Structures are given as structure tokens and as C-alpha cells.
Amino acid sequence: MKRLKLVPETTNFDFFRYSRATLGGSIVAVLAALVLWLTVGLNFGIDFQGGTTIRTESTEAVDVGEYRDALQPLGLGDVAISEVFDPSFGPDENVAMIRIQAQEGQESVPADTVSEIETALQEVDPSVSFTSVESVGPKVSGELVETAFLAVGASLLAILIYIWLRFEWQFSVGAVAALFHDVILTIGIFSLLQIRFDLATIAALLTIVGYSINDTVVIFDRVRENLIKYKTKPLRDVMNLSVNETLARTVMTSGTTLIALIALLVLGGDVIRGFVFAITWGVIVGTYSSVYVAKNIVLLLGTKRDWSKPDKTGGNQFANVES
Amino acid sequence: MLQIPIWKRVLIWGLVVLGLLYAMPNLFYGRVETSNDAERAIVQQGSTPERAAEAGQWPDWLPSGLVNLGLDLRGGAHLLAEVQVEDVYEQRMDAYWPSVRDALRDARDEVGTIRRVETEPGVLRVRISRPEGMQQALQIVRDLAQPVSSVTGAVQDDITVAGQDDEIVVQLSEAERAATDDRTVRQSLEIVRRRIDEVGTREPNIQRQGEDRILIQVPGIGSAGELKDLIGTTAQLTFHPVEGRTQDAEANVGPGQDILPALNQEGLFYIVDGSPVVSGENLTDAQPSFDQNGRPAVNFRFNPQGARAFGDYTAENIGSPFAIVLDDEVISAPVIQDHIPGGSGIITGDFTVEESTELAVLLRAGALPAELSFLEERTVGPELGQDSIEAGRIACIVAFAAVLVFMGASYGLFGIFANIALLLNVGLLFGLLSAIGATLTLPGIAGIVLTIGMAVDANVLVFERIREEMRTARGPSRAIELGYERALSAIIDANITTLIIAVILFTMGSGPVRGFAVTLGFGIVTSIFTAIFVTRLLIVTWFERARPKTIEV
């Protein structure tokens, strides 16, 4: 039977050949993402900024202007109204998202605002229903921002330590640099496309971190094995060999994950689209960064060559687990 | 040679069967849910033939745990409330005032006349007319203090007393504040729980979060506003002596007096003594009933402490009016006809039957000791949740099918083994989630889809390794063995890092994000199990039967 082979049996690509271009490109991309983040900024959801979002569903077509006029007299400050489109909506499903900024001087959620808005909109369009209403007070959103930063920081630190324990410090620096790259680039694309950045996006960022480290570790594991096998081969060659050897796996796993994610991206509905988009994007940059970023940094830093001693960080310590 | 001892095979298949058994109820979600609800109702309210029939829809001997659906999937309301614990400090100081007053009055010769001074809430300031008697006054007030044991075990007084010029300043001590806070939050939690239980909503989730917050999640409720009404931002029932009536809301009142509007009479205000005779905490029961004229009313009963206070007060004040106050509104102000010793009474007002029933419920559930302020509220309509489930289901099936085809095309027979393992993997994941009663959220579904994509990773690592080993190893059985052996460290390292992330997400996240962490974390556990044990067992079993000279991975 003919097999599907995305990667030939043996490959011998030189992954360092364009290392200047790839690593340089990554650095430029990270800087560009940082600049975007700082200048354009992120489209923070209410989780991080406080405020209210209301999702409306109506059998009549959404008229954003009409909605805006209806809400105008309430004096709610900045009101953003956008229509939502999704292939899964039926012809009678017209969905809009309304976002209202946190009201001045109110620590907790305004009790009557939501019902005022609902009444005002129902006057414009009697068939409108409110399928989801979310309000977050500024106090909680401040804490959520803090927790989010902590979570991302804690993950990076935990991974730094784990890789350090299992490999060498150069590897852990390489791995974390790659993760940093993935996280920043994801934030960059969110800033560029102004996709809503909320709690779920942080979860997505951490998932990316998890996925990308997974990829990186598999390559590192092979590098370690080959370093023991080929004691005198230059580090650069050992690394190239390792990436080539694991290339088929890298492509297969990224392939299946992307297939699953694209199915979810297209069919999973608009509620989690931002979340799934972040993960999909992260899988792509994560795969790239394990091959081009993590390894390059380890090469720059160098590593010890004498792995022959079966010390506690070496080799296949799990290999004698029976099954 | 490839060998797996028989006990291990039995154990592996046993675990798989057990996991699938636990997952099975989810295939019959509606039926199992009805049956579980009916069983719960039988335990709580006794059996009826109807309930027994419903309970019988799912056999007892099968597992009946279901994956709980999160609010974002089932629809419902979510509230995060903060208990204003400081409210209680104020009440406590108000309660202290009468005893401070009486104690100082007894020592009038030394301290002179005393007067309570208005100050910030939570502080009791008393001015004495003879500052030279301050030392003695302080001593008198200090003697009123009760000991409390703090967290560290040291015993402290419940109040701190200090002198400032001619004023005595009384406040709750640090230890007492901490103890009060804790008590207040626990009380509020209990009351919120009882009020929500009164309406009989299914599986509400009410829990304390952090120091002074309460998280309330009620599936199936129409909106967060409805839930707030149910909890009642404040429903304080108190009984006050009436000092007078007025038409003027801005009328001047004496110190320690409050002016409160009448509930049913527009423009009528009562001037009452700010310190209640009895409060709602002392209420043990309240039932809707009718008064002697057949009008709807509410019967109530106090606990012994409340009964005594109420009895004493009524005995001393026959003929004077007495205000029944709910949430700072006077429901009624009857004149005390007689000494009421038994600690029970009746509230009459212009109630409808519904109002009296509702009031009884509110009173029975008790008053919230402090106000709640709402920091976060989310409502998801059931239709949106249903749409999300539907979209998630379709995405799962498509992702599944695509991955199965891709694996089959890439690895042939071994791909099919991996596919069987993948199917079992999702089954086991559901089994595990049901067994521990985890909550599935929309990001959780995304976690499952991600797991479907990533679960094949361990198998891919092994298969690629077997391919490599085939080039050098002697014979296919050795290649398979080496493939598993050598891929193991990569599998473990890669998955432990992801597991670390899942744990961090679980500890730091809340709600939907937590649901994602749960499916991601358990997905890793089940996928390692299926890849290392199940696929290997499948391959070995096949190998023993077929004895191929060469294998194609």
C-alpha cells in the first residue's frame, strides 16, 4: 500500500544554512510585535478592562446605527457595536456584540445599566434577545491582568527550571527564548489584527507555550542522545542531524494538530474563534521556533560535550521503565 | 523479545473497560440526567411512583456520573460577589453602645455625663463631660471586652479602647475583625445557598473565593439580574422601638435615631431607635398565614435569646408602637397589645398572598449579615450554549475523522492501531472527567479537540523511532522494542512540560479557563496511557498472531 509521506525517509537539510536570516528574521519579527503592542496596543476584552458586553440575537437584520442611536441617550460613554458573522448562523440569526466601557467611579457592576440597555434595544427591535451578558468590574479586571501575567511568568519559569534539570542550562535558555518568541509573536498578531484579547487568549498563550515546548523538547532529547553517540562531531552537525531525524515526527504532529485546530476554527462557532485562532497561530510559530530559534541559541551558547557519564541529567533515564 | 506478562494485559484492558464504562453515561445524557435528578429527589423528598419510574430509566449498577456542563454550555448565570465585611463592624459597635452607656452611667460621679459622638463607621466614640475621670472610664469600658483567641492562638480582647482628649474611642481589635470577617463571609455563603435552594434550581455552585468573596453559579436561570433579586442584595429584618412619626423625610432626629419610610404608605416616615430590639438573626422560623381578619400575614418565631429580648421589651412597653423593619423600610408598626412571652408573633401589613409567602421565604432564609457588592456577572442564554455544544460536537467529529484518515494514510496498519488508541483515548478522557465530576466548558471542548490532535504525538514518536530502528536493528521485534524504549524519554519530557502548564492554568485560571486546563491535563494523562500501554499491547498482540518477517511502519 502506498503510504502518505510528507517527509522523505532520510533528509539532510542544513537548518543552519540560513541561520542569520532565520534568527535575524525572528528577532525583527519579535521587535515588530513589541512595537505594535506598545504603539497600537491590544484590543482588551472586558476581562482585563472592565465593562459590559452584550450579545444580541434577532430575527431582523442588525442596524448598527439604529442600535447606537437607541443607546445614545443613556450616556454610557464609549459604546462599541459590531455585527458578528458566522457560517453556522441560520438566515434568521442576526448577531451583534455591544461593548460598553466600565462606568466612571463604579467599583462593582452597575445594577440597572444592563436592564436599561436591554429595554432601549427592545424598543428598536422587539424581536431582539440577549443571549449572553457579561459584566466585569474594574476591581476584578485589575486582578485578572495580574493573574494573567503571573500565570505566563510562572509557566516560563517552571519550564526554564524543568529543562535545566533534565538537560543543561543552555538548552533551557534556548527553550525559553523560543517560548518568548512564540508568546510575543502571538501578542503581536492580536495587536495587528485587533482581535479581542481576553482571559481565554491567556489560556491560549499558555497552551502555545505547552505545545511549543513539547516540540522543542523532542528535538533536544534527540540532540542529547546524538551528543552521546557522536562525541567528536561538531555541535552544529549533531544538531542538524537531530532535527533531520525528528523532522518526520515534527511534521506529522504539527499536521494532525493543525488539522484538528482548523476543523475547530472553521466549525467551532464564533464564540471561541479568537481562542482557537491564537492556538493555531501558536502551533505554526511554535513549530518554526523549535527548529529555528531554540536550536540556534543553544548553538550560540555552546554546551558541554562530555555526556558519557551516566549522570543524573543524562540519557534515557526513563528507558528502563517496563511495560 | 516482545513480551507482556498476562497480568499486565489484564490490567490494561481492565482499565480501558472501566474507563469506557464511566464514559458511557454521557452517550445517554438526557436519560441519565433525569434518572439522577429523580434519585436525588427521592433521597430528599421521598419516593413517588413517578420518581421511581424516572430513576429506573438508568440501571443502578451502571456508573451514573456525567460530565457536568459549564455555564457557557448549559446557560445560566454567574456572579462574583464581595461581602462588605465592614458593615458588620458598624453593627457590632452599635450593639456595644447600650452596654457602654449603661456601664458608664453607673459611674456617673466620676466620668460625668456621656454622649455618643458621630464618627466614621465601625468606631464608637463617647464623649465624657469630666475628662479627669478618663482613666476610670477606660477601665470600665475595657472590662466589657470579651476575650477572643486569634489565629496565632494568643488570647486578645475583642475591642481596643483608647482615650483621646475627652473622648473614648472603641474599635474592634485586629483578632476580632479577622474572626468577624470569616464569620460574616461564612454566614453570607450559607444564606445565599439557602435562598437559592429555596427555589430548587439544579446544581448551583456556590463557593467561597479568597478572603471575602462568594462565587455563585446557577445553571438554567434566565439572567444574572434575576439571580441578584433572588439573593436579595440586603434583606435585613429588625424590630425597633418607634420614637415618632413624621411626613418629612428630612426631619431632624436625635442621636442614634433613624428615619425610615413606611413600605405601603407614601409620604409616611417613622422615627425609630437605631439599635434594634431583636434582629433577623434570632429568627428561627417564618410561615405565611392569615391574621384573625383573614388577611395574609406572616407568622414568625424567635430563638430563646431573641424570645427573651422580645418578651422583656414587650412587657415593658405595652401600649407603645413597635416597628417591623425590612431592608430599611417599615413593613408595619403595630402597637404592642400585650406581653409576648413565647417568642412568636405575627406580622401583618397590606400583603397579598404572594407577598406574604415571599416574605416568609426571605425571613426563613435569614438576613445577609452584610451587603454584597457584585464584581462580576455573566449570563449565557441556553440557546447560545446549545449552539456552542453543537458547533463543538461537529468540530470534534470532523477533527477526529481527519486525524484518523491522516494517521491511517501515513502509517498503514500501525496507523490503525494508533487510531484505535485515539478513540479509546477520548473515551477514557470522558470516563475520567465523569468519574471525578469535572465541568466541561467551551474552551474545554477546544482542549479535547487539541488533545485529539496532539494525542497521536506519542504514537508518532514511537512509530518514527521504529522506522529508524528498522534500518539498523536485527528483526522487527527488536525494532519495535527499541522504538518504544528510545522514544520514551522524549515522550515523558515533552508531556511533563505540557502537564506543568495545565497545572498552572488550573491553579490560576477560573471558570472556562479552568475547564480547559482540566481537559488538557487529563488528555495528556490518557494519551500517554494509551500510547505507551494500549498501542503497544495492540502491536504485541498482533505481532504474536501474525509473526511477520518484516514490518512496514
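Order of the sequence lines fixes the chain letters, A, B, ..., with proteins taken first and strands second; residue numbering starts at 1 for each chain. Not measured: the values here are computed from a predicted model. What you see below is based on every heavy atom in this structure, not just the backbone, and it leaves out hydrogens, waters and symmetry mates.
- By the 4.0 Å N-to-carboxylate-O rule, R378(B) lies close enough to D47(A) to be salt-bridged with it.
- Of the atoms belonging to E118(A), not a single heavy atom falls under 4.5 Å from chain B.
- No side-chain heavy atom of T379(B) sits under 4.5 Å from any side-chain heavy atom of E134(A).
- No more than 12 heavy-atom neighbours from other residues, nucleotides or ligands sit within 6.0 angstrom of CD on E211(B).
- The most heavy-atom pairs under 4.5 Å with chain B, out of I213(A), T147(A), I272(A), come from I272(A).
- The distance from the CG atom of N495(B) to the CG atom of N214(A) is 6.0 Å, given to the nearest 0.5 Å.
- Taken from CD1 in I202(A) to CE in M508(B), the straight-line distance is 11.5 Å, to the nearest 0.5 Å.
- Contact annotation: the side chain of E93(A) approaches that of D387(B) to within less than 4.5 Å [non-hydrogen atoms, C-beta and beyond].
- Side-chain contact between R486(B) and E225(A): present, with at least one pair of heavy atoms (C-beta onward) separated by less than 4.5 Å.
- The contact between L80(B) and chain A is made entirely by side chain atoms (from C-beta outward), counting heavy-atom distances below 4.5 Å.
- Ranked by heavy-atom pairs shorter than 4.5 Å toward chain A, the options I452(B), D457(B), T507(B), I491(B) are led by D457(B).
- Inter-residue side-chain proximity for F275(A) and L442(B) is flagged as unmet; no heavy-atom pair is nearer than 4.5 Å.
- Side-chain contact between F463(B) and M252(A) is absent, with no heavy-atom pair separated by less than 4.5 Å.
- Interface residue I279(A): only side-chain heavy atoms are found under 4.5 Å from chain B.
- Contact record, L264(A) with A395(B): CD1-CB, 3.4 Å, taken as the closest heavy-atom pair.
- Per-residue heavy-atom pair counts under 4.5 Å with chain A were compared for G447(B), A446(B), G392(B), and the maximum is reached by A446(B).
- Residue contact with chain A, scored on non-hydrogen atoms closer than 4.5 Å, involves the side chain of I504(B) exclusively.
- Between E143(A) and R213(B) a salt bridge is recorded (basic side-chain N to carboxylate O distance below 4.0 Å).
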Could you go through the side chain to side chain contact (heavy atoms under 4.5 Å, CB included) check for I501(B) and T207(A) one step at a time? CA-CA 7 Å; I501(B) 303 286; T207(A) 314; 6.0 Å; no
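- Summarising the geometry, atom OG belonging to S132(A) is positioned 11.5 Å from atom CG belonging to L71(B); distances are rounded to the nearest 0.5 Å.
- Proximity to chain B (any heavy atom under 4.5 Å) is shown, for L206(A), by both the backbone and the side chain.
- In this structure, E468(B) does not pair ionically with R249(A), as no charged nitrogen and carboxylate oxygen lie closer than 4.0 Å.
- Nearest approach of L505(B) to A203(A), heavy atoms of both residues: CD2-CA, 3.9 Å.
- The shortest side-chain heavy-atom distance between L450(B) and Y211(A) does not fall under the 4.5 Å cut-off.
- Taking chain A as the reference chain and counting heavy-atom pairs below 4.5 Å, the highest number among D72(B), I397(B), T497(B) is found for T497(B).
- Ion pairing of E82(B) with K139(A) is present here, as a side-chain N (NZ or NE/NH1/NH2) and a carboxylate O approach within less than 4.0 Å.
- Counting only distance, with no hydrogens or angles, the side chain of T256(A) and the backbone of G453(B) share a donor-acceptor pair below 3.5 Å.
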Quick one: do L461(B) and V218(A) satisfy side chain to side chain contact (heavy atoms under 4.5 Å, CB included)? Show the steps, please. CA-CA 9 Å; L461(B) 275 166; V218(A) 168; 3.6 Å; yes
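- Of the residues considered (A391(B), P443(B), A455(B)), A391(B) shows the highest number of contacts with chain A, using heavy-atom pairs under 4.5 Å.
- Looking at V380(B), both its backbone and its side chain come within 4.5 Å of chain A, counting heavy atoms on both sides.
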Might you work through the salt bridge (Lys or Arg N to Asp or Glu O under 4.0 Å) test for R467(B) and E245(A), ending with a clear yes or no? CA-CA 11 Å; R467(B) 274 186 187 173; E245(A) 282 176 350; over 6 Å; no
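- For a residue to count as touching a neighbouring chain, one of its non-hydrogen atoms must lie under 4.5 Å from one of that chain's; by this rule S410(B) touches chain A with backbone and side chain alike.
- For the residue pair S388(B) and V271(A), the shortest heavy atom distance occurs at OG-CG2, 4.3 Å.
- The residue among T53(A), I262(A), I163(A), T253(A) with the most heavy atom pairs within less than 4.5 Å of chain B is T253(A).
- Interface remark: L150(A) contributes backbone and side-chain atoms alike to the contact with chain B (heavy atom separation under 4.5 Å).
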Set out, in order, the CA-CA distance, both residues' side-chain angles and the distance that settles side chain to side chain contact (heavy atoms under 4.5 Å, CB included) for L384(B) and R55(A), then state yes or no. CA-CA 10 Å; L384(B) 182 61; R55(A) 186 185 168 98; 3.4 Å; yes
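- For the set I46(A), L199(A), I259(A), D86(A), the entry with the most heavy-atom pairs within less than 4.5 Å of chain B is I259(A).
- In this structure, no portion of R393(B) lies under 4.5 Å from any heavy atom of chain A.
- When all heavy atoms of S489(B) and D221(A) are compared, the closest pair comes out as OG-OD1, 2.6 Å.
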